[in-house]
Amino acid sequence: MSDIRVRIAPSPSGYFHVGTARTAIFNYLYARAKGGKFVLRIEDTDVARSSKEMVDVILDGLKWLNVEWDEGPYHQSRRQDLYPPYAEKLLLSKRAYRCFCTPEELTAKREEAQKNKQTYQYDRKCRDLTDEEVDANLNQGKKFTVRLKLPLEGEAEFHDEVLGEMKKAYEDLDDFIIVRSDGSPIYNFAVVVDDILMKITHVIRGNDHVANTFKQNEIYDALDVDRPVYAHLPLLLRPDRSKVSKRKGDKSVTEYREEGILAEALFNYLALLGWSPKDDRELMSEDEIVKVFDFKGINPTNAIFDPVKLNWMNSQYVMKADNHTLVQIITPYLIEADLATKYWIETRWQWMLKVVEALKERCTTLKDFAENGYYFFKDDFEYDPKGVKKRFKGDDLPDQLDSVREELKKHYELRKETAEKVVRDKAEEFGVKPAALIHPIRLSLTGVTGGPGLFDIIEILGQPEVDKRLSRAIEFIRNLN
Ligand code: GLU
């Protein structure tokens with residue numbers, strides 16, 4: 001065990017962004033790698049975007065990814081009385097001050113700056129009010145915000161484990177507000193107070209928070225509390241280098257889950273977005289990653305989230321998944337596609353194991369099992385029209401297929417070796433290549449031209465089903481001519 005404590009602090013929005021999941025994974029991995037604790041805090045002060053459902057989207061997604069938190073979830077919305085004492089402390093130590101400027105005054109000044117093409121900064125009008133002036137304003141019942149008193153010159157600096165030495169001139173930072181006139185804390189202030197109270201030692205988050213970090217550091221300093229260690233992660237970009245975003249149709253964690261990406265595959269993929277083990281390994285389990293996970297492996301340049309690569313990784317996980325597990329996890333997709341019921345699957349478990357074994361090498365997602373393997377469950381498929389043109393031709397075909405059907409029928413238990421022998425012998429008898437029979441038989445049995453080995457399909461479908469489907473196809477072909 002160590003004293004290391006990390007956290008994620010998602011703001012719910014009803015959408016579990018892959019970037020949030022990646023940040024969660026990096027924090028979780030760091031905590032596991034260093035024997036620390038991983039805290040979950042929900043930053044839900046924006047009431048409109050923080051319904052229970054919106055929070056649950058994140059909690060469910062994290063649980064599904066197996067990113068288990070050690071503490072929390074803490075809800076920022078339920079901690080509102082923890083912040084004022086810290087503001088009070090800053091006022092007392094004169095590291096912060098009350099600002100009585102009205103919103104109208106400030107807007108006018110902002111507009112004036114805009115008109116003159118200047119960047120607006122608060123002019124620090126209330127920074128040096130005397131205690132008497134402050135008291136007079138308070139006695140008049142004037143509303144005030146609380147602003148932090150920043151140095152007027154020099155540079156704000158911090159060390160980042162990923163980005164190195166970071167600097168910003170104080171000129172470019174103004175005395176920002178930490179408490180609104182209604183007494184509620186501003187985001188950056190609440191984050192710091194929470195991180196202090198939760199004893200967070202390492203803040204690992206997206207590099208879009210660097211500007212916040214400069215401000216948050218000033219709050220730590222003003223409160224006389226040690227700053228945490230920072231590691232700002234590269235952003236996730238789309239292959240066209242724009243930001244991953246819902247508006248552009250990029251999928252959320254929930255959507256990837258629904259379409260049949262495995263949790264382990266998404267975890268593995270996201271862990272490699274911005275971090276690498278510095279060798280060629282790509283397929284890595286959580287335990288393997290934990291053994292070598294460190295800030296040194298984090299690359300500061302922005303990472304590309306490539307759905308094609310994720311699909312590839314998922315197909316690798318599908319391929320090596322245990323068949324029992326696969327049957328279990330594809331069950332909802334089969335039910336959803338109306339191909340089977342739970343009971344039906346449970347009573348045909350051994351048979352289902354063969355189906356997934358036959359299909360798994362050709363499935364990218366779990367949904368593909370239902371889409372590519374439709375014919376294992378239903379026989380009401382149409383024959384693929386292109387396949388019909390290409391494979392259901394030749395005057396001799398219906399009789400040849402019928403002869404194969406008759407021969408297959410002699411074998412009650414239709415093993416794939418037997419089926420193969422029957423088809424090959426028949427091809428020889430008819431003086432055609434085996435393929436001239438294999439392709440039309442496949443189309444007859446499945447309605448499609450590709451898929452697992454034909455003889456595997458025959459064995460899985462079983463004698464009566466093969467017979468029925470061949471008969472239907474023979475009739476169909478006869479009617480074509
Ligand atoms: N609530 C912030 C967000 O969702 C994260 C804050 C933090 O990590 O400091 O982006």
Side-chain angles (χ1 to χ4, degrees), residues 4-31 36-51 54-59 61-62 65 67 69 71-80 82-83 86 158 160-163 166 176 178 184-220 223 225 227-237 243-246 250 252-254 270 273-274 295 298 302:
I4 288 178
R5 288 170 63 85
V6 297
R7 86 310 192 260
I8 52 155
S11 313
S13 65
Y15 173 87
F16 192 8
H17 195 285
V18 288
T20 309
R22 194 278 311 259
T23 302
I25 289 171
F26 276 42
N27 276 282
Y28 168 82
L29 287 169
Y30 192 71
K37 288 264 188 267
F38 174 46
V39 178
L40 173 59
R41 175 171 82 231
I42 305 289
E43 303 206 321
D44 57 349
T45 46
D46 180 350
V47 184
R49 315 177 76 193
S50 304
S51 65
M54 288 179 177
V55 173
D56 283 349
V57 167
I58 294 175
L59 302 188
L62 287 171
L65 279 169
V67 176
W69 52 94
E71 254 179 53
Y74 296 108
H75 293 259
Q76 213 167 44
S77 59
R78 299 176 202 161
R79 303 169 55 82
Q80 292 302 305
L82 296 173
Y83 310 115
Y86 283 84
F158 72 92
D160 188 273
E161 293 293 320
V162 179
L163 301 171
M166 305 295 287
F176 58 92
I178 54 172
S184 64
I186 285 284
Y187 166 75
N188 278 316
F189 186 54
V191 167
V192 171
V193 172
D194 280 341
D195 283 345
I196 291 172
L197 288 171
M198 293 172 194
K199 299 190 168 46
I200 300 303
T201 58
H202 292 64
V203 168
I204 307 168
R205 61 185 170 202
N207 66 23
D208 47 338
H209 282 283
V210 165
N212 287 328
T213 302
F214 279 107
K215 293 183 173 182
Q216 291 173 11
N217 282 336
E218 297 304 317
I219 303 174
Y220 279 103
L223 286 169
V225 175
R227 302 170 180 184
V229 174
Y230 292 105
H232 285 93
L233 309 177
L235 294 185
L236 300 191
L237 300 182
K243 263 174 125 180
V244 174
S245 113
K246 180 185 180 182
D250 293 321
S252 65
V253 171
T254 321
L270 289 174
L273 288 185
F295 291 145
I298 300 179
N302 290 334

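Just so you know, ligand 1 is whichever comes first in the structure, and atom 1 is the first atom listed for that ligand. Atom set for the values below is all heavy atoms of this structure, side chains included, hydrogens, waters and symmetry mates excluded.
- Between H202 and Y30, the ring-plane angle classifies as tilted under the 30° and 60° cut-offs.
- Which of R7, Q76, H209 comes nearest to atom 8 (O) of ligand 1 through a heavy atom is settled by distance: it is R7.
- H17 places a side-chain N or O within 3.5 Å of a backbone atom of G19 that can act as its donor or acceptor partner.
- Taking only nitrogen or oxygen atoms, main chain and side chain alike, R205 reaches within less than 3.5 Å of ligand 1.
- Against a heavy-atom cut-off of under 4.0 Å, S11 is close to the following atoms of ligand 1: 1 (N), 2 (C), 3 (C), 4 (O).
- When all heavy atoms are compared, the tightest approach of A24 to V67 is O-CG1, 4.1 Å.
- Here the heavy atom of the protein found nearest to atom 6 (C) of ligand 1 is Y187 OH, 2.9 Å.
- Annotation for ligand 1: atoms under 4.0 Å from non-hydrogen atoms of P10 are 4 (O).
- Nearest approach of S245 to Y15, heavy atoms of both residues: C-OH, 4.3 Å.
- Annotation for ligand 1: atoms under 4.0 Å from non-hydrogen atoms of A9 are 1 (N), 2 (C), 3 (C), 4 (O), 5 (C), 6 (C).
- When every heavy atom of Q76 is checked against every heavy atom of D44, the shortest pair comes out as N-OD1, 3.2 Å.
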